[in-house]
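Residue numbers start from 1 in every chain, and the chains themselves are labelled A, B, ... in the order their sequence lines are given, proteins ahead of strands. Just so it is clear, the model here is predicted, and its values are computed rather than measured.
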Amino acid sequence: MEGGFVSSDEHPNGGRGSPFAPHTAAETTAMLDAVGVESEDHLFDIPEEIEFDGTFDIEPRAERAIREEIAAMLDRNHDLVEFLGRGHYDHYVPSAVDHLADRSEFLTSYTQYQPEVAQGFLQALFEYQSMLVELTGLEVANCSMYDAATALGEAATLAVRVRATSGDRVLVPEHLHDGRRAVLDSYLAGTDAGVESYPMDDGIVDRDALANAIDEGCVMVYAENPTVRGTIEESLGEIGDLADDHDALFCLGSDPVALSLLEEPASVGADVVVGDAALGLGAADGMGLGLFATREAFLRQVPGRLVGTGEDSEGRRAYTLTLQTREQHIRRERATSNICTNQAWVALRAAMHVAWLGPDGLVDLAKESVTRASEIADQFDAIDGVTAPVHDRHHFREVVARTDREASAMKDDLEAEGYAIHAIDDHLVQVCVTETNADRVDDLVAAVEAVA
Amino acid sequence: MEGGFVSSDEHPNGGRGSPFAPHTAAETTAMLDAVGVESEDHLFDIPEEIEFDGTFDIEPRAERAIREEIAAMLDRNHDLVEFLGRGHYDHYVPSAVDHLADRSEFLTSYTQYQPEVAQGFLQALFEYQSMLVELTGLEVANCSMYDAATALGEAATLAVRVRATSGDRVLVPEHLHDGRRAVLDSYLAGTDAGVESYPMDDGIVDRDALANAIDEGCVMVYAENPTVRGTIEESLGEIGDLADDHDALFCLGSDPVALSLLEEPASVGADVVVGDAALGLGAADGMGLGLFATREAFLRQVPGRLVGTGEDSEGRRAYTLTLQTREQHIRRERATSNICTNQAWVALRAAMHVAWLGPDGLVDLAKESVTRASEIADQFDAIDGVTAPVHDRHHFREVVARTDREASAMKDDLEAEGYAIHAIDDHLVQVCVTETNADRVDDLVAAVEAVA
Amino acid sequence: VYEPLLVEKSSRAVETDDAPLPDDLTRDGVELPDPAEPELARHYTRLSQMNYGVENGPFPLGSCTMKYNPSFTEDVAALPEAATHPDRSTDSVQGNLELRHRLADSLARIGGMDAVTLQPPAGAAGEFTGILIAKAYHEQNGNDRSEIIIPESAHGTNFASAALAGYEVVSLPSADDGRVDVDALRAAVSDDTAALMLTNPNTLGLFEHDIEEIADVVHDAGGLLYYDGANLNALLGRARPGDMGFDVMHYNVHKTFATPHGGGGPGAGPVGVVEELAPYLPTPQVREAVSDEADDGEAASDDGEVSYERFAPEHSIGKVHGFAGNWLVLVKTYAYIARLGDPGLRDTSAKAVLNANYLASQIDYDIPFEPFHHEFVASAGRDAADVAKRMLDYGVHPPTTKWPEIVDEALMTEPTEAESRAALDHLARAFDRAAADSDEALETAPERTAARRIDQADAARNPRLSWHALDDE
Amino acid sequence: VYEPLLVEKSSRAVETDDAPLPDDLTRDGVELPDPAEPELARHYTRLSQMNYGVENGPFPLGSCTMKYNPSFTEDVAALPEAATHPDRSTDSVQGNLELRHRLADSLARIGGMDAVTLQPPAGAAGEFTGILIAKAYHEQNGNDRSEIIIPESAHGTNFASAALAGYEVVSLPSADDGRVDVDALRAAVSDDTAALMLTNPNTLGLFEHDIEEIADVVHDAGGLLYYDGANLNALLGRARPGDMGFDVMHYNVHKTFATPHGGGGPGAGPVGVVEELAPYLPTPQVREAVSDEADDGEAASDDGEVSYERFAPEHSIGKVHGFAGNWLVLVKTYAYIARLGDPGLRDTSAKAVLNANYLASQIDYDIPFEPFHHEFVASAGRDAADVAKRMLDYGVHPPTTKWPEIVDEALMTEPTEAESRAALDHLARAFDRAAADSDEALETAPERTAARRIDQADAARNPRLSWHALDDE
């Protein structure tokens with residue numbers, strides 16, 4: 001212990017400049033002495049001309065003040081009940097997921113380059129991969145991409161690589177989320193391949209049109225189940241066959257909840273499955289978790305991290321990042337992807353959430369996603385001036401309705417009443433129901449009745 | 001892995017009755033087989049006549065529903081800015097305290113009867129004790145009582161024990177929180193001692209009156225610094241001398257923030273220090289943390305848990321509960337107290353909070369408590385119809401004001417404006433300012449101006 | 001594993017001479033640890049790594065009911081709306097009062113009681129409260145009674161609480177079957193008997209099947225029957241103290257209702273009473289308010305919600321806590337009970353009892369008393385404390401040791417419903433491995449823990465209770 | 001320490017035949033782990049115990065900036081008001097947009113840039129974004145350029161990102177002093193040069209003091225200068241990429257701004273650009289909205305608050321994330337920057353550089369390149385991976401190993417500002433003890449970790465990537 005009292009004003013915050021740098025003034029002096037310089041400034045080797053001597057005009061604030069500031073800022077968001085989906089879904093996050101994932105050993109750890117002190121996270125990611133293997137029926141799942149859109153982009157570049165000599169087109173459905181389409185374009189910007197849409201038939205893939213569109217120049221056919229409009233595809237096997245017949249990869253977009261109930265991708269010939277795996281996260285302004293699974297045949301073309309099992313020197317099962325020669329830090333410009341930082345912690349949360357639900361809970365959630373979509377369609381259809389569902393298909397979690405009024409005006413009116421829905425065309429709205437807003441559906445329906 | 005699919009409706013929740021009992025139906029069956037009974041019911045040895053075959057009418061709800069239910073219930077609380085103190089103080093709890101104390105190794109552990117696997121909590125409690133030893137100047141602090149009131153009760157029973165042959169009265173100040181007085185009465189209900197008040201002189205102890213009241217029948221004199229009205233005592237040393245002269249214990253009430261700045265209890269002759277140590281907790285509807293420190297002379301009369309250092313079999317410093325022969329689980333009816341479950345986790349939080357503040361932060365908080373009380377008194381005094389402070393004393397954190405209007409009516413009017421204050425007499429109000437409401441003082445003052 | 005004391009890592013002495021107060025009202029200064037937040041975080045993270053909690057493995061401490069603590073109950077207790085001051089007006093904290101009222105109502109149903117106070121901050125505080133209620137009741141009825149009867153196998157707090165309330169304790173030996181000796185009880189009761197305090201199932205896990213007769217004996221002597229709720233987990237939904245004849249009881253919400261033990265607290269010890277004793281409960285109580293507007297006398301606010309009010313019971317004993325008890329713990333209790341509901345509560349006792357019986361069937365120890373419910377007391381056959389220390393090496397927390405004394409070298413074992421079969425098998429292996437270990441292995445255990453065996457006798461002989469005491473060495 | 005797989009603890013196969021869908025649209029069933037919550041909690045608690053995070057001790061991974069992650073930033077990101085859907089109307093998420101706008105503004109100031117996009121979800125995504133911007137810029141200006149120049153010591157992502165964007169990579173060898181060889185650069189640039197990607201300080205911790213000349217060379221050739229922000233922590237408040245001549249840069253908020261690494265992510269890689277490149281940023285961007293009502297053209301809503309709107313930049317490259325990036329990470333970034341402010345940011349670089357220099361002064365290793373800033377690359381003199389494994393036994397996380405290759409058996413060491421002197425001394429002892437250990441001790445290390453040395457080559461030869469693969473064995 002240091003002796004003698006000092007005035008508390010003499011060294012506010014113990015002489016610290018940053019609350020997160022532990023150095024007291026005395027320690028700093030001692031360390032500078034050890035290094036042999038007079039001040040920290042002498043340690044910087046920056047030419048004078050480019051030294052920064054201005055200010056950012058950023059006032060430091062106390063922790064409590066920042067919490068209030070951000071809370072006040074976010075309070076400017078209107079308190080709306082959201083019936084929004086289209087690729088970003090709000091499922092209830094169990095408290096256990098929050099508490100366990102927040103353990104600092106997980107939250108503040110790094111990519112597992114030293115597996116001997118990262119067995120916990122590696123095992124959790126291995127379990128995440130395994131869950132996706134079970135859900136997709138494919139042999140390989142990586143341990144995360146950024147989101148569904150970038151996973152789709154990675155699938156397309158994989159397709160271009162493995163089909164490099166034979167094509168230049170990626171076929172995507174007419175009904176596709178704008179963001180996914182735009183990101184796909186970005187990921188193909190460095191290749192010779194382009195993206196083309198094929199038509200839908202009442203909300204699902206128009207097989208005939210797809211058959212017309214596909215040819216040997218096609219490297220990948222993408223379809224979704226459920227689609228961005230919530231419809232459930234009815235001919236996945238045929239789409240898979242069509243792709244296979246033309247030596248194109250069949251990439252299917254889905255998510256873990258849907259995968260637990262709908263047709264297994266492997267059984268309909270999917271070569272790659274992508275999508276949003278973000279269970280355990282809730283609504284997060286678009287932050288997600290990219291699911292990426294594929295056939296073993298493409299193992300060495302997989303983008304991103306893979307965790308595998310091995311043995312330690314005592315012969316016990318151990319986990320490690322594997323097949324790293326695919327990755328940027330080793331293969332550099334010949335890597336399968338540029339991805340480095342990924343969404344590992346979100347994958348951890350997703351795995352926790354799936355485990356918390358268990359198979360019953362997950363499948364029940366999927367079944368409810370079907371019944372809820374069907375029920376809200378019925379309720380909407382009973383409203384004067386509204387017809388639902390627009391597509392005479394089975395639906396998952398969300399559904400499109402036709403409105404006599406202009407859709408965007410109705411959306412605005414509903415927003416004034418406290419509800420957020422999608423307006424996706426002049427007279428089309430879309431609504432999504434999960435366990436987080438199911439108890440407000442009747443309120444929404446009443447509000448729609450009032451504004452329809 | 002179990003083979004074959006079962007319908008997800010067949011065993012909802014995996015056949016579990018409680019979500020927190022892990023047994024699947026199959027496991028339950030296997031375990032019953034191992035025990036050799038047909039069903040759990042057969043394991044109960046309850047006479048038929050008193051078997052319960054009714055229902056509690058408590059519906060099980062899902063986690064998410066309960067969170068909504070409780071949030072909705074608590075939303076019935078009005079959103080008031082509280083300027084309330086009088087023994088329960090709202091200090092800002094740093095986020096690090098929440099996150100670290102919530103680690104399940106701390107939160108879900110038991111009293112440290114197996115010290116070899118409880119070194120962490122024991123060390124934290126040892127550090128808590130040490131902080132109180134530093135702040136009180138006394139040699140011994142226990143590792144928690146329930147709250148300030150029960151700590152005061154325990155101090156009185158200690159006084160009765162150590163002065164058993166010589167007296168039957170405990171003297172307490174006229175200005176004393178009702179709850180503390182009532183609990184003191186309860187704790188003395190099993191003894192021959194009673195409680196008497198001595199008068200105050202303009203908010204602090206009336207030394208002459210106390211000198212008159214005290215005699216050899218007095219086992220303990222209690223005073224507070226600051227008092228329940230926020231005044232700072234000016235003659236603690238004399239009170240200590242008075243008590244000492246009459247062979248009575250001097251018990252001082254305070255709290256860690258005040259202790260960091262005001263006179264050190266040991267130096268004014270305090271034999272016991274009690275009070276509310278609940279840093280790290282915030283406003284909690286009266287939940288607190290009882291501080292209890294005393295002189296080494298009374299070590300074997302201390303109520304509650306004590307952590308000490310010792311050595312393990314390898315000679316390393318180790319921590320353990322100690323002097324347990326004082327306690328109920330060993331000494332039974334001759335124990336120094338009946339306390340078993342205490343407030344250990346709150347003590348952990350308080351220690352974390354003190355460490356987070358550091359000596360500068362703690363002393364600064366104390367200094368601000370003086371200036372804030374002084375400032376709000378000045379602002380109140382400037383209001384027509386309000387005089388403050390009522391007591392011409394230095395104040396700590398809170399202050400009493402006189403109102404021309406009836407105090408309770410003014411309090412009600414302020415509540416309608418969104419502010420909570422104390423009305424402590426017909427024309428006396430009391431307000432308390434900490435870092436959590438300091439930025440709303442001007443608003444309060446404006447509101448008071450409007451209703452005064 | 002070793003972590004220096006905070007004060008050994010960084011410490012600063014700060015003067016107070018620039019305080020806005022006269023010098024004679026302030027101290028000179030204080031010296032305290034001064035870690036930056038990164039150091040603070042590592043300090044407590046490391047300490048946590050040297051601590052065993054329910055999420056680390058089995059924790060079969062008899063009578064302690066170390067069950068799983070669901071984290072969502074922490075979330076509701078952390079709601080900012082719950083952070084209110086106790087002196088708030090009744091109108092402005094209707095949410096708190098509603099929760100309190102509903103919780104008290106649920107507890108009353110579960111215990112078969114007519115009224116409940118939530119004020120006692122722990123089980124022992126509940127005992128003290130209950131005994132003060134009995135005392136006030138007798139005094140109100142002009143009975144000056146001086147004795148409390150307690151079975152010798154009861155929890156130590158029973159004795160201490162009775163003594164704190166000023167009673168003489170009459171200790172009642174157990175019958176050969178480990179239960180209350182009714183004849184001995186008959187001999188013990190008298191006009192001086194204020195109450196009998198009883199745990200049921202008792203600390204051996206045995207149900208006192210003569211409970212109705214016991215109640216008659218005590219009641220006939222004019223005494224009251226106090227139920228120690230420490231073992232209530234065994235009976236949830238299957239038998240209620242109120243139906244057995246108990247007049248007053250406490251609930252240990254940190255046992256039965258899964259609020260976390262927090263390394264020794266906070267808990268809460270609500271007390272339930274029969275109607276006759278309700279006027280003696282601590283103040284304030286919460287009740288539904290009779291609306292001025294409603295003709296039918298029903299409590300309802302303008303928006304149709306019931307409103308609540310605080311009141312002082314007619315013959316209230318006063319207070320046992322400065323404010324209104326451990327509020328945040330009560331919020332967690334409410335959430336837990338809501339999660340389980342009737343079926344979950346009933347499954348809890350079923351699985352708690354099944355787990356104890358299954359575990360007992362899997363270990364090779366003598367268990368002299370049966371049929372037990374949620375806990376059993378095995379005899380270690382050798383030093384129970386040594387066996388317990390050795391179990392630490394096998395990755396589990398050991399049972400409560402050397403108590404109750406009716407069993408030689410007792411290992412009082414309560415696995416709770418939260419253990420899976422696999423966890424119980426793991427625990428059973430730890431029991432049996434320790435039993436098979438040599439005396440030397442036992443005496444030198446534990447060897448795989450953060451600290452090796454600690455000499456507690458020496459620590460007590462030379463108490464060093466603060467870092468200042470270490471400094472002086 | 002060993003924890004079975006979830007699926008080994010409990011697993012259930014569930015049919016879907018009662019689904020509200022035709023059979024041909026559903027699968028037969030799924031088999032997944034089925035733990036109850038107590039088991040789940042123990043599983044992940046045990047896994048966490050087998051994992052090393054920043055709160056467990058020093059974590060001096062070079063170029064990774066493993067600094068302390070303040071927990072209050074988690075709290076603000078967890079505010080329920082932050083949990084919005086990305087398709088919400090502009091009017092209804094003014095709070096989100098304000099935070100985004102303010103954060104972008106702060107980042108622009110810190111980097112000396114004119115406009116910032118928050119969309120890239122990671123550093124590599126930022127690189128890709130930046131290169132796409134460069135590409136779009138050149139195309140818009142009619143320049144068909146095919147090459148990106150990258151120093152050979154650069155991060156691997158630079159190469160991969162350039163390739164993903166369709167560029168050929170020209171690798172630039174280092175000069176003898178470890179910095180860019182300006183003559184070699186002069187020789188490398190041409191009409192085909194789209195950009196030079198550069199880290200400064202570079203991966204050896206050396207400041208590229210010829211940066212202005214380097215910028216001139218690239219600019220004169222018509223190329224752009226890209227700044228890899230991985231090492232920005234070294235320069236906070238002391239030098240800004242924009243002032244050095246960089247045209248486009250990314251920020252690694254999970255490095256420089258302390259958002260937690262999360263075992264590999266999520267991070268965020270905002271990209272800053274000079275004014276000329278602002279029209280190429282991804283869509284949407286956020287800007288202050290010009291109020292219809294305000295005469296002065298200033299953005300203000302009715303209540304005097306500025307309002308914000310989304311817009312698509314004129315020549316936007318489109319999107320690099322399906323929505324608007326890793327929002328919750330951005331909230332944490334905002335909170336961290338607000339906590340530090342100007343003085344904290346400047347102290348951060350001071351202490352980061354001091355710590356690296358102090359640590360280097362305390363260890364007995366050859367450090368060929370100086371003067372370094374926030375990180376140094378020591379030469380292990382023997383197998384750097386072995387030395388690293390041995391350091392694990394001494395309770396610290398080792399540095400990045402065997403890279404950059406310019407140093408023989410490199411130990412790339414970045415302690416960050418968050419380490420105290422005591423922690424650095426601890427780390428230094430681990431360095432020196434490992435250096436003093438025998439070859440055998442190194443080769444068999446680690447011996448005190450949850451797993452012993454893992455044979456990664458074997459794991460890669462026989463990939464088993466799911467529990468299904470283990471089943472098949």
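- Side-chain contact check for A:Thr341 and D:His254: at least one donor-acceptor pair (N or O, by modelled atom type) lies under 3.5 Å.
- Looking only at side-chain heavy atoms (C-beta outward), A:Val183 and D:Val320 stay at 4.5 Å or farther from each other.
- Between D:Leu465 and A:Gly308, the shortest heavy-atom contact is CD2-CA, 3.8 Å.
- Of all heavy-atom pairs spanning A:Ala344 and D:Gly263, the tightest one is CB-O, 3.4 Å.
- Taking both residues in full, the closest heavy atoms of D:Ser466 and A:Ser130 are given as CA-OG, 3.2 Å, listed atom of the first, atom of the second, then distance.
- Side chains of A:Trp356 and D:Glu37: a donor-acceptor N/O pair is present below 3.5 angstrom, by distance only.
- Classification of A:Glu314 and D:Arg452 as a salt-bridged pair holds, one side-chain N sitting under 4.0 Å from a carboxylate O.
- Neither the backbone nor the side chain of A:Ser144 comes within contact range of chain D, judged by heavy atoms closer than 4.5 Å.
- Of all the heavy atoms in A:Gln123 and D:His43, the pair that sits closest is NE2-CE1, 3.6 Å.
- Here the straight-line distance linking atom CG of D:Leu25 with atom CG of A:Leu261 works out to 9.5 Å at 0.5 Å rounding.
- Taking 4.5 Å as the limit, some side-chain heavy atom of A:Ser186 sits within range of a side-chain heavy atom of D:Leu132.
- For the pair A:Glu105 and D:Gln49, the minimum side-chain heavy-atom distance is 4.5 Å or more.
- At least one side-chain heavy atom of D:Glu81 sits under 4.5 Å from a side-chain heavy atom of A:Asp75.
- Side-chain contact check for D:Pro463 versus A:Leu306: every heavy-atom pair is 4.5 Å or farther apart.
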Between A:Arg317 and D:Tyr2, is the side chain to side chain contact (heavy atoms under 4.5 Å, CB included) condition met? List the steps.
CA-CA 9 Å; A:Arg317 187 203 289 164; D:Tyr2 168 75; 4.0 Å; yes

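- Between D:Phe323 and A:His177, the ring centre distance stays below 6.0 Å.
- Between the side chains of A:Glu27 and D:Tyr358, not a single donor N or O lies within less than 3.5 Å of an accepting N or O.
- Residue A:Asp90: no heavy atom, backbone or side chain, is found under 4.5 Å from chain D.
- D:Glu31 is not listed as a side-chain neighbour of A:Pro359, based on a closest heavy-atom distance of 4.5 Å or more.
- The CZ atom of A:Arg86 sits 9.0 Å away from the NE2 atom of D:His85 when rounded to the nearest 0.5 Å.
- Qualifying ring pair (Phe, Tyr, Trp, His ring centres under 6.0 Å) partners for A:Phe121, counting only residues two or more places apart in sequence or in other chains: A:Phe106.
- The CZ atom of D:Arg421 lies 7.0 Å from the CE atom of A:Met31; values are rounded to the nearest 0.5 Å.
- Of all heavy-atom pairs between A:Glu82 and D:Thr84, the closest is OE2-CA, 3.4 Å.
- The line from CE of D:Met50 to OH of A:Tyr319 is 8.5 Å long, rounded to the nearest 0.5 Å.
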A:Glu63 and D:Arg339: CA distance, side-chain angles, deciding distance, salt bridge (charged side-chain N to carboxylate O under 4.0 Å, His left out) verdict
CA-CA 6 Å; A:Glu63 173 182 308; D:Arg339 183 76 190 89; 5.4 Å; no

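- Side-chain contact annotation: A:His23 with D:Asp347, donor-acceptor N/O pair under 3.5 Å absent.
- Both the backbone and the side chain of A:Leu32 come within less than 4.5 Å of a heavy atom in chain D.
- Contact of A:Ala420 with chain D is made through the side chain alone, with heavy-atom distances under 4.5 Å.
- In terms of modelled atom types and a separation under 3.5 Å, the side chain of D:Asn69 and the main chain of A:Thr108 share no donor-acceptor contact.
- Counting only distance, with no hydrogens or angles, the side chain of D:Asp342 and the backbone of A:Asp57 share a donor-acceptor pair below 3.5 Å.
- Counted by atom type alone, D:Gln456 and A:Thr322 present zero donor-acceptor pairs between their side chains at under 3.5 Å.
- When atom types are taken as modelled, the side chain of D:Arg88 and the backbone of A:His78 share a donor-acceptor pair closer than 3.5 angstrom.
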Test side chain to side chain contact (heavy atoms under 4.5 Å, CB included) applied to A:Phe20 and D:Leu340, step by step:
CA-CA 9 Å; A:Phe20 309 121; D:Leu340 294 191; 3.9 Å; yes

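- The choice from A:Gly310, A:Gly358, A:Ala283 that makes the most heavy-atom pairs within less than 4.5 Å of chain D is A:Ala283.
- Both tests hold for D:Arg238 against A:Phe44: distance to the six-membered ring centre under 6.0 Å, angle to the ring axis within 45°.
- A salt bridge between A:Glu40 and D:Lys351 is present, with a side-chain N of the basic residue lying under 4.0 Å from a carboxylate O of the acidic one.
- Side-chain contact between A:Ile46 and D:His209: absent, with no pair of heavy atoms (C-beta onward) separated by less than 4.5 Å.
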Residue pair A:Asp147, D:His321: steps toward the side chain to side chain contact (heavy atoms under 4.5 Å, CB included) verdict
CA-CA 7 Å; A:Asp147 71 347; D:His321 185 269; 3.3 Å; yes

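- Residues D:Val30 and A:Glu134 form a side-chain contact, since some pair of their non-hydrogen atoms from C-beta on lies under 4.5 Å apart.
- Using a 4.5 Å cut-off between heavy atoms, A:Glu233 touches chain D through its backbone atoms (N, CA, C, O) alone.
- Per-residue heavy-atom pair counts under 4.5 Å with chain A were compared for D:Leu40, D:Asp243, D:Leu328, D:Leu235, and the maximum is reached by D:Leu40.
- Nearest heavy-atom pair across D:Ser92 and A:Leu80 is CB-CD1, 3.7 Å.
- Side-chain atoms of A:Gln112 and D:Asn51 form no donor-acceptor pair, as typed in the model, at a separation below 3.5 Å.
- Of the atoms belonging to A:Thr157, it is side-chain heavy atoms, and not backbone ones, that fall under 4.5 Å from chain D.
- When the ring pair (Phe, Tyr, Trp, His ring centres under 6.0 Å) test is applied to D:Tyr44, no partner is found at least two apart in sequence or on another chain.
- Note: D:Asn56 CG to A:Ser109 OG = 9.0 Å, rounded to the nearest 0.5 Å.
- For A:Lys367 and D:Asp18, the salt-bridge test passes: some basic side-chain N is under 4.0 Å from an acidic carboxylate O.
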I'd like to know whether D:Ser89 forms a side-chain hydrogen bond (donor to acceptor under 3.5 Å, both in side chains) with A:Glu415, so could you lay out the CA-CA distance, the side-chain angles of the two residues, the decisive distance to 0.1 Å, and finally the verdict.
CA-CA 9 Å; D:Ser89 71; A:Glu415 194 167 303; 2.5 Å; yes

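- Separation of atoms CD (A:Glu333) and OG1 (D:Thr157) is listed at 12.0 Å; rounding is to 0.5 Å.
- If you tally non-hydrogen atom pairs under 4.5 Å between each of A:Glu51, A:Glu311, A:His329 and chain D, the highest count goes to A:Glu311.
- For a residue to count as touching a neighbouring chain, one of its non-hydrogen atoms must lie under 4.5 Å from one of that chain's; by this rule A:Leu135 touches chain D with backbone and side chain alike.
- With respect to chain D, the highest number of heavy-atom pairs below 4.5 Å among A:Ala149, A:Ala118, A:Ala318, A:Ala335 belongs to A:Ala118.
- When each of A:Arg180, A:Glu59, A:Gln129, A:Arg67 is scored by its heavy-atom pairs under 4.5 Å with chain D, the top score falls to A:Arg67.
- Using a cutoff of 4.0 Å between basic side-chain nitrogens and carboxylate oxygens, A:Asp312 and D:Arg453 are not scored as salt-bridged.
- Only the backbone of A:Val307 has a heavy atom closer than 4.5 Å to any heavy atom of chain D.
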